[in-house]
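Okay, so here's the structure we're looking at.
These numbers come from a predicted model, not from an experiment. All values below were derived from every heavy atom in this structure, side-chain atoms included, with hydrogens, water molecules and symmetry-related copies excluded. The sequence lines fix the lettering, A, B, ..., with proteins before strands; numbering per chain opens at 1.
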Amino acid sequence: MSQSSSPVRVRFAPSPTGYLHIGGARTALFNWLHARHTGGTFLLRIEDTDAARNTQEATDVILRGLRWLGLDWDEGPADGNPTGPSRGDRGPYFQSQRSEIYRRRIQELRDRDLAYDDDGAVRFRMTREPIVIHDRIIGDIARALTDREEENPDFVIVRRDGLPVFHFVNVVDDIEMGITHVIRGEDHVSNTAKHIALFRAFGVQPPTYAHIPLILNPNGSKMSKRDEGASIQAYIDDGYLPDAVANYLCLLGWTPKEGGELFTKEQAASAFDLSDVNRSNARFDLKKLEHFHFEHVRRLAPPRFVELGSAVLARAGFDLSAFAPAYIAAAIGSVQEKGKLLKELPGWVDFYFLADDALVFDPEAKDKALVSTARPLLAQLRERFAALPEFTPSTLEAALKALAAELGIKAGPLVQPCRVACTGRGVGPSLYHLMDILGRSRVLRRLEIAAALIAG
RNA sequence: GGCGCGUUCGUCUAUCGGUUAGGACACGGCCCUCUCAAGGCUGAAAGACGGGUUCGAUUCCCGUACGCGCUACCA
């Protein structure tokens with residue numbers, strides 16, 4: 001087998017199509033995990049042979065997605081500019097900049113009569129022997145010739161227009177860059193025989209192959225560009241935590257031997273083993289991703305959550321500069337345990353930052369809670385709260401419950417009008433804590449305003 | 001059509017010949033409760049089908065069905 005003892009070098013080699021596919025992201029992730037697990041090197045190579053659609057912009061989208069997921073590469077481009085700076089000594093890392101290398105390699109095959117002209121294109125003299133692929137995940141695969149290959153197994157490596165094709169450049173680059181393990185989607189399994197033959201033609205031991213199963217839509221169909229949730233950008237926009245996405249992606253095809261489903265990329269890297277990766281395709285389940293987001297949000301260091309939350313609010317148009325840092329931290333922190341998507345955050349905390357007379361009332365909540373019978377209750381609550389020697393969650397709760405007891409009613413009829421008065425909504429953080437954060441004057445004012453609203 | 005890969009609850013999976021087939025998400029019920037959640041308890045839910053091999057198959061082999069991939073002078 002091609003099991004090598006030299007240091008691991010793996011690569012993610014996307015084509016800049018303008019978006020990072022969720023399956024591609026997982027391929028990158030598995031490569032990263034294997035590199036980090038083995039102390040090897042993770043490289044990024046841009047396969048931008050189709051100049052027409054491969055813009056710098058398109059490459060930047062991919063780099064941004066990888067960085068968002070936290071998949072840092074040891075060698076590769078610094079940005080989407082093919083002629084710009086890069087890291088590593090095996091560059092250039094853009095195929096568009098490697099034409100000279102390909103030309104040389106084509107000549108090499110020609111000189112040894114392993115390639116020949118055909119209708120202006122160049123074909124590779126494919127071996128007629130059956131090729132067995134030793135796959136680290138699937139096992140041994142005996143790839144027989146298809147009916148078309150029976151007719152002519154020699155495949156094109158340079159198109160009539162002079163551009164070398166994927167199979168060729170991919171292998172040449174893997175040779176030049178010293179790739180030891182090729183971890184890629186299962187959709188490449190059939191191609192692998194061609195690649196192995198090319199490696200042999202160049203007298204190079206093929207790398208170890210590991211083909212990972214595909215990610216399918218919930219209905220079992222192939223997840224393609226247009227499908228919902230196929231692009232990593234969707235998860236960035238919706239405010240998922242990158243660690244949550246990475247965690248979920250890991251689980252699509254891999255489970256740690258020691259068990260446990262919730263982990264960071266670093267923890268996954270220490271446990272990761274290619275041999276434990278599944279052979280069968282997995283369907284994408286958004287609900288489960290949401291669950292992992294929830295778990296990761298709850299485990300986030302509070303200051304970090306506040307930092308992320310503040311950024312989201314700023315982007316949503318809130319001017320936080322008028323508020324004290326401690327107030328902002330308390331306000332945002334009060335909803336961390338909800339584990340909501342970041343894009344939903346403004347809708348949960350806006351009341352903390354709106355003027356008392358500018359609260360936005362949810363019509364349904366208002367109709368339900370701010371009814372005529374609630375008016376005297378709000379007045380009495382205001383009175384009790386105003387008289388409290390201390391304004392804290394526990395004194396607030398005690399005061400509200402004491403009033404309820406005196407009136408012979410449950411807490412609910414008091415809580416809901418109060419909550420809607422303070423926040424404009426029927427759902428939200430713990431009422432007593434939210435009032436504590438809001439502060440006495442704001443709470444009293446909002447109770448008055450709500451009561452007046454009922455009268456009108 | 002040809003070639004290849006795959007098939008355990010609805011979904012992601014554990015099991016590496018002998019288990020009441022376990023867990024997670026989702027779903028139902030109960031409890032808790034200031035809303036929504038969370039949490040605790042609990043319920044329903046799976047080995048595609050047919051042959052072998054074996055004392056014994058979810059597990060090994062063969063076939064069928066179904067799914068997916070490839071089959072380009074795309075990547």
* Asked: Which part of the nucleic acid, if any, lies within reach of A:K287 when heavy atoms closer than 4.0 Å are counted: base, sugar-phosphate only, or nothing?
  -> sugar-phosphate
* To do: Ignoring backbone atoms, test whether A:K401 places a side-chain nitrogen or oxygen under 4.0 Å from the OP1 or OP2 oxygen of B:C34.
  => yes
* Structure fact -> From the candidates B:C25, B:C73, B:U13, the one with an atom nearest any side-chain atom of A:D119 is B:C73
* Under 4.0 Å between a side-chain N or O of A:R419 and OP1 or OP2 of B:C36? -> no
* What's the closest nucleotide to the A:V415 side chain, out of B:C68, B:G4, B:C34? -> B:C34
* Are OP1 or OP2 of B:C74 and a side-chain N or O of A:S15 less than 4.0 angstrom apart? -> no
* Asked: Say you pick atom P in B:G23 and the same atom in B:A45; how far apart are they, in whole Å?
  -> 14 Å
* Indicate whether OP1 or OP2 belonging to B:G69 is found under 4.0 Å from a side-chain N or O atom of A:N191. => no
* To do: Answer with yes or no whether A:K288 presents, from its side chain, a donor or acceptor under 3.5 Å of a partner atom in the base of B:A26.
  => no
* Asked: Looking at B:C25, B:C3, B:C68, which one has an atom nearest to any side-chain atom of A:D285?
  -> B:C25
* Mind checking A:Y432 for me? I need base, sugar-phosphate or nothing, with any heavy atom below 4.0 Å counting as a touch. => base
* Asked: Contact class for A:A13 vs. all strands (heavy atom < 4.0 Å): base, sugar-phosphate, or nothing?
  -> nothing
* **Polar side-chain contact A:S190-B:G69 base: donor and acceptor under 3.5 Å** => yes
* Asked: Looking across every strand, which nucleic acid part, if any, lies under 4.0 Å from A:E186 by heavy atom: base, sugar-phosphate, or nothing?
  -> sugar-phosphate
* Asked: Is there a Watson-Crick or G-U wobble partner for B:U19 with both distances under 3.5 Å, and if so, which one is it?
  -> none
* Please determine, for the side chain of A:K222, which listed nucleotide (B:C70, B:C12, B:C3) has the closest atom? => B:C70
* Asked: Using the benzene-type ring in the case of Trp, are the ring centres of A:W254 and A:F272 under 6.0 Å apart?
  -> yes
* Asked: Does any N or O donor sit under 3.5 Å from an N or O acceptor when you compare the side chain of A:D147 with the base of B:G1?
  -> yes
* Structure fact -> Closest of B:G6, B:C34, B:C73 to the A:V165 side chain is B:C73
* Specify the residue among A:G120 and A:D276 whose closest nucleotide of RNA chain B lies further upstream toward the 5′ end. => A:D276
* Which part of the nucleic acid does A:R298 contact within heavy-atom distance under 4.0 Å: base, sugar-phosphate only, or nothing? -> sugar-phosphate
* Name the pairing partner of B:G43, where a pair is Watson-Crick or G-U wobble with both distances under 3.5 Å, or state none. => B:C27
* Asked: For A:L145, which contact category applies under a 4.0 Å heavy-atom criterion: base, sugar-phosphate, or nothing?
  -> sugar-phosphate
* To do: Identify whether any heavy atom of A:R143 sits under 4.0 Å from a base atom; if not, whether one sits that close to sugar-phosphate; answer base, sugar-phosphate or nothing.
  => sugar-phosphate
* Would you please confirm or rule out a distance under 4.0 Å between OP1 or OP2 of B:A75 and any side-chain N or O of A:N170? => no
* To do: Decide if the gap between the ring center of A:H195 and the ring center of A:F166 is smaller than 6.0 angstrom.
  => yes
* Looking only at side-chain atoms of A:R159, point me to the closest of B:C73, B:C12, B:C70. => B:C73
* Counter-base of B:U7, judged by Watson-Crick or G-U geometry with both distances under 3.5 Å -> B:A65
* Asked: Which part of the nucleic acid does A:G220 contact within heavy-atom distance under 4.0 Å: base, sugar-phosphate only, or nothing?
  -> sugar-phosphate
